[in-house]
Amino acid sequence: MNYDVIIAGGGTAGCACAYIAGKLGLKVLLVEKNSFLGGTITSSLVIPAMKTSDNAINIEFFNKLYSELELLGGAITYCDGNKGWFNPELTKIVLDKLMQEANVEVLFESYITKTEKNLLPYTVTIESNNLYLYDNNILSHPIDTKYLVDATGDAIICKNLNCEFLENKSQPINLRFIISGVNVQEFSNWIMELDKDRDVTTSCTVDNKIYLSTAYTWDKSKNWALRSVFEQGITDGIITEEDSNYFQMFSVAGTPDSIAFNCPRLVKNCKNPYIEGRAAILRLSNFCKKYLPGFKNAYISSIASSLGIRVYNRVKGKYVYTVDDLRTGKQFDNPVVVSNYPIDVHSGKKDGSTLEQVNREYQLPLESLMVKDNLFVIGRCISADFESQAALRIIPSCFSMGEGLARYLAKDSVCG
Ligand SMILES: Cc1cc2nc3c(=O)[nH]c(=O)nc-3n(C[C@H](O)[C@H](O)[C@H](O)COP(=O)(O)OP(=O)(O)OC[C@H]3O[C@@H](n4cnc5c(N)ncnc54)[C@H](O)[C@@H]3O)c2cc1C
């Protein structure tokens, strides 16, 4: 059995790559370890996609996903013009549909367990945790592919192929959750009054529903409106000081009484981040119910099934993109991403996090996705140094990497 492209990882970058490659006529197999697509967006509940440059390139997939979600009431455009406010559950459904539309074959609960390189094709062996889902053809026989794409987020395929890696440096992980049953109008009235200088809080009405975002961190960099509330929660023993290190909330498109939380951010060396994360979620939920108007009848409706990993493995590819390239807006012959998102480095230490605005657009070249011999990497584990990755990892840029690579593969397969 032969494919033009096998993509390991049906997450943010992998779905964009699969959809565009399929649309451009390539025979694509997408291998995903979860039982649904979307990766960090769905399994780690990371929403919304951050706003990036108006001159962004390779945005067909983003626009298609947005318009399909909008039809289902699962995406909104926020008041700052950001179209990235997606509903994670509806995203799963829409991604299934998009893959079918693009003739992409999808294997869920599956892994590539063995990869061999025979001249140009790679030969992979795939196993599934759910054998009854698939006929034996695809699982029991090695499969050849001309191009192999590692979209696992953590460069698992590159690791198995003994590729070179860049220095290991990490940022804290989060375990995100959603609270439902919130009286958003009541909370919005209260927080907009409390955060009079609008330092961190925004709120807007879309389709007669209120959407909002606010935040608090233990850093002294801002005059956080919620500071006294957090101090009270710590004094009363409802939350720990560590729970207060990072707290951020966003409304969820299509579920007007739900708020998604970008926390807890796990700053200690956790022995078991899932157990400690879920315990922190319970404390934070109790905190919201006790101190935040509008949360009295609220309840935890969803806890991410996967940890949110900002950065882990980064592959050393044909070109290592650097923060100097980013700061100087270096131009390349084959850009796949154009962005202006800041360099967003989270730290577990008080006042250690930084958000460096960049005053010009920057480009990521295709060569940072090239590993070797028709092996490519997309998403947060690309060939980029630690600081530039901290700007490039956002959802829209991962989409653009996947799409940009797919366009290159479609051309290459015709020429070569
Ligand atoms: C806490 C947190 C908050 C963030 N906040 C924002 C934000 O507000 N806005 C924004 O735009 N960006 C945000 N980001 C960044 C962004 O969400 C991620 O960097 C991006 O989604 C990563 O995309 P990816 O394709 O690299 O990985 P993923 O989307 O995680 O995709 C990887 C996929 O590979 C699958 N996989 C892994 N191993 C295997 C294997 N061996 N075989 C098969 N499949 C495998 C996974 O299940 C997953 O589906 C945040 C990230 C984190 C962690």
Side-chain angles (χ1 to χ4, degrees), residues 6-18 29-52 61-62 78 82-86 88 91-92 95 106-115 124 126-129 149-160 170-177 213 215 246 248-250 260-266 273 277 304-315 339 341-342 344 346 369 377-382 384 389-403 405:
I6 293 184
I7 302 168
T12 316
C15 283
C17 189
L29 179 67
L30 185 58
V31 184
E32 168 54 45
K33 76 170 179 174
N34 287 329
S35 55
F36 51 84
L37 299 173
T40 298
I41 304 172
T42 52
S43 67
S44 306
L45 299 175
V46 170
I47 43 168
M50 285 291 125
K51 190 168 186 298
T52 178
F61 177 77
F62 187 116
Y78 199 59
N82 184 6
K83 286 166 53 170
W85 287 56
F86 302 146
T91 298
K92 293 177 187 171
L95 288 174
V106 184
L107 292 178
F108 289 114
E109 296 180 276
S110 300
Y111 303 83
I112 294 174
T113 48
K114 194 167 158 210
T115 313
V124 302
I126 297 171
E127 281 178 18
S128 171
N129 288 344
V149 179
D150 188 336
T152 60
D154 300 325
I156 304 295
I157 304 301
C158 294
K159 197 99 204 163
N160 293 341
S170 65
Q171 296 192 33
I173 52 182
N174 286 31
L175 186 66
R176 297 178 65 145
F177 65 107
S213 165
Y246 191 84
Q248 191 179 28
M249 58 163 83
F250 299 95
F261 290 78
N262 183 11
C263 49
R265 186 176 67 178
L266 303 165
S305 57
S306 306
L307 293 166
I309 311 284
R310 291 187 168 87
V311 55
Y312 181 49
N313 289 324
R314 281 170 295 114
V315 180
S339 177
Y341 191 72
D344 187 5
H346 289 246
L369 313 182
V377 64
I378 49 177
R380 65 176 182 257
C381 50
I382 49 159
Q389 191 275 359
L392 288 162
R393 66 163 178 261
I394 58 165
I395 292 165
S397 297
C398 289
F399 285 162
S400 295
M401 290 173 207
E403 178 166 336
L405 177 63

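Numbering of ligands and ligand atoms starts at 1, following listing order. Every heavy atom of this structure was used, including side-chain atoms; hydrogens, water molecules and symmetry mates were not. Bear in mind that the values here come from a model prediction, so they are computed numbers and not experimental data.
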K.L.:
Just to be sure I'm reading this right: ignoring hydrogens, which of Glu109, Arg393, Arg380 gets closest to atom 19 (O) of ligand 1? Compare them by their nearest heavy atoms.
P.N.:
Arg393
K.L.:
Hey, mind stepping through Thr152 and Asp154 against side-chain hydrogen bond (donor to acceptor under 3.5 Å, both in side chains) and telling me if it holds?
P.N.:
CA-CA 5 Å; Thr152 60; Asp154 300 325; over 6 Å; no
K.L.:
Starting from atom 41 (N) of ligand 1, which protein heavy atom do you reach first, and at what distance in Å?
P.N.:
Tyr111 CD2, 3.7 Å
K.L.:
Nearest protein heavy atom to atom 34 (O) of ligand 1, by residue and atom, and its distance?
P.N.:
Gly9 CA, 3.3 Å
K.L.:
Using only atom types and a distance under 3.5 Å, with no angle test, would you say the side chain of Asn82 pairs donor to acceptor with the backbone of Gly84?
P.N.:
yes
K.L.:
Taking distance alone, with N or O pairs closer than 3.5 Å, would you say Thr40 contacts ligand 1?
P.N.:
yes
K.L.:
Any nitrogen or oxygen of Asn34 lying under 3.5 Å from a nitrogen or oxygen in ligand 1? Just yes or no.
P.N.:
yes
K.L.:
Students should be able to answer this: which protein heavy-atom is nearest to atom 39 (C) of ligand 1, and at what distance?
P.N.:
Thr152 CG2, 3.6 Å
K.L.:
Do you know which of Leu29, Leu405, Val149 makes side chain to side chain contact (heavy atoms under 4.5 Å, CB included) with Ile7?
P.N.:
Val149
K.L.:
Relative to the heavy atoms of Pro396, which atoms of ligand 1 are at a distance of less than 4.0 Å?
P.N.:
11 (O)
K.L.:
Is it the case that ligand 1 has an N or O less than 3.5 angstrom from some N or O of Asn262?
P.N.:
no
K.L.:
Report yes or no: does a heavy atom of Ile41 sit under 4.0 Å from some atom of ligand 1?
P.N.:
no
K.L.:
Would you say Ser306 touches ligand 1, if touching means a heavy atom closer than 4.0 Å?
P.N.:
no
K.L.:
Give a yes/no verdict on whether any heavy atom in Ser110 is under 4.0 Å from an atom of ligand 1.
P.N.:
yes
K.L.:
Going by the order shown, which atoms of ligand 1 are within less than 4.0 Å of some heavy atom of Ile309?
P.N.:
53 (C)
K.L.:
Number the atoms of ligand 1 from 1 as they appear, then name those within less than 4.0 Å of a heavy atom of Gly379, with their elements.
P.N.:
26 (O)
K.L.:
With a cutoff of 4.0 Å, is Arg176 in contact with ligand 1, counting heavy atoms of the residue only?
P.N.:
yes
K.L.:
Check whether Tyr111 forms a cation-pi arrangement with Lys33 (NZ or CZ under 6.0 Å from the six-membered ring centre, at most 45° off the ring normal).
P.N.:
no
K.L.:
Got the closest protein heavy atom to atom 31 (O) of ligand 1, with its distance?
P.N.:
Gly11 CA, 3.3 Å
K.L.:
For atom 46 (C) of ligand 1, grab the closest protein heavy atom and report residue, atom and distance to one decimal in Å.
P.N.:
Glu32 OE2, 3.6 Å
K.L.:
Test your reading of the structure: does Val46 have an N or O sitting under 3.5 Å from an N or O of ligand 1?
P.N.:
no
K.L.:
Is the Trp85 ring parallel, tilted or perpendicular to the Tyr78 ring (thresholds 30°, 60°)?
P.N.:
parallel
K.L.:
Is a donor on one side and an acceptor on the other found under 3.5 Å between the side chain of Asn174 and the backbone of Gly308?
P.N.:
no
K.L.:
Is the side chain of Ser397 donor-acceptor paired with the backbone N or O of Arg393 at a distance under 3.5 Å, no angle test?
P.N.:
no
K.L.:
Output yes when the distance from some N or O of ligand 1 to some N or O of Ala13 is under 3.5 Å, and no in every other case.
P.N.:
yes
K.L.:
Report yes if some heavy atom in the side chain of Gln389 is under 4.5 Å from a heavy atom in the side chain of Arg380; otherwise report no.
P.N.:
yes
K.L.:
Could you find the nearest protein heavy atom to atom 29 (O) of ligand 1 and give me its residue, atom name and distance?
P.N.:
Thr12 OG1, 2.6 Å
K.L.:
In the protein, what heavy atom is nearest to atom 12 (N) of ligand 1, and what distance, to one decimal place, separates them?
P.N.:
Ile395 N, 3.5 Å
K.L.:
Kindly indicate whether the side chain of Leu266, heavy atoms from C-beta on, has any atom under 4.5 Å from the side chain of Tyr246.
P.N.:
no
K.L.:
Might you work through the side-chain hydrogen bond (donor to acceptor under 3.5 Å, both in side chains) test for Ser339 and Thr52, ending with a clear yes or no?
P.N.:
CA-CA 6 Å; Ser339 177; Thr52 178; 2.9 Å; yes
K.L.:
Assess Pro48 for proximity to ligand 1: is some non-hydrogen atom of it under 4.0 Å away?
P.N.:
yes
K.L.:
Among all protein heavy atoms, pick out the one at the shortest distance from atom 44 (N) of ligand 1; state its residue, atom name and that distance to 0.1 Å.
P.N.:
Lys33 N, 3.2 Å
K.L.:
Please work out whether any backbone atom (N, CA, C, O) or any side-chain heavy atom from C-beta onward of Ala151 is under 4.0 Å from ligand 1, and answer side chain, backbone, both or neither.
P.N.:
backbone
K.L.:
Can you label the angle between the Phe261 ring and the Phe177 ring as parallel, tilted or perpendicular, going by 30° and 60°?
P.N.:
parallel
K.L.:
Give the numbers and elements of all ligand 1 atoms closer than 4.0 Å to a heavy atom of Gly308.
P.N.:
53 (C)
K.L.:
Can a donor-acceptor pair be found between the side chains of Asn262 and Gln248 at a distance below 3.5 Å?
P.N.:
yes
